[in-house]
Amino acid sequence: MNVFRKVFEKVAAWIVDSDRWKHFVGGLLIGAGANDTYCAAYAGVGVAGALELKDHLWGGKADWVDFAVTIAGVAVGHALRRLLYG
């Protein structure tokens, strides 16, 4: 049981680092609001790409991990929608 706690603490610290939790929550909302899987994927990839483009254009560095966390949020949000509403 102690191993699970350590893993959870590491994952929680990783999510809180930077603004990854914001990417996940934003993706979750996009996925939950999408009517079908194609719409969720299309909107999620578009928004994740736009966020990373914004980071790059403002002098930062595009982060593939943030991109992936946004897409993961979309997948989880859309899966929850499908489970709840069929």
May I ask whether [X] and [Y] are part of the same hydrophobic cluster, defined by side-chain heavy atoms of I, L, V, M, F, W, Y residues being less than 4.5 angstrom apart, directly or through others?
X	Y	answer
L53	W64	no
L28	V47	no
W14	V76	yes
V11	F24	yes
L51	I30	yes

Under 3.5 Å donor-acceptor, [X] side chain and [Y] backbone:
X	Y	answer
R81	A32	yes
E52	D63	yes
D19	K22	no

Item checked: Presence of salt bridge, D66 and R20, under 4.0 angstrom -> yes

Note to self: I'd like to check V3 versus F8 (side-chain heavy atoms, cut-off strictly below 4.5 Å). Are they in contact?
What the structure shows: no

Which heavy atom of [X] sits nearest a heavy atom of [Y], and at what distance?
X	Y	value
G49	F67	N-CE1, 3.5 Å
T37	R82	OG1-NH1, 3.4 Å
V74	G44	CG2-CA, 3.7 Å

Checklist line | Approximate separation, where rounding is to 0.5 Å, of I15 CD1 and H23 NE2 | finding: 10.5 Å

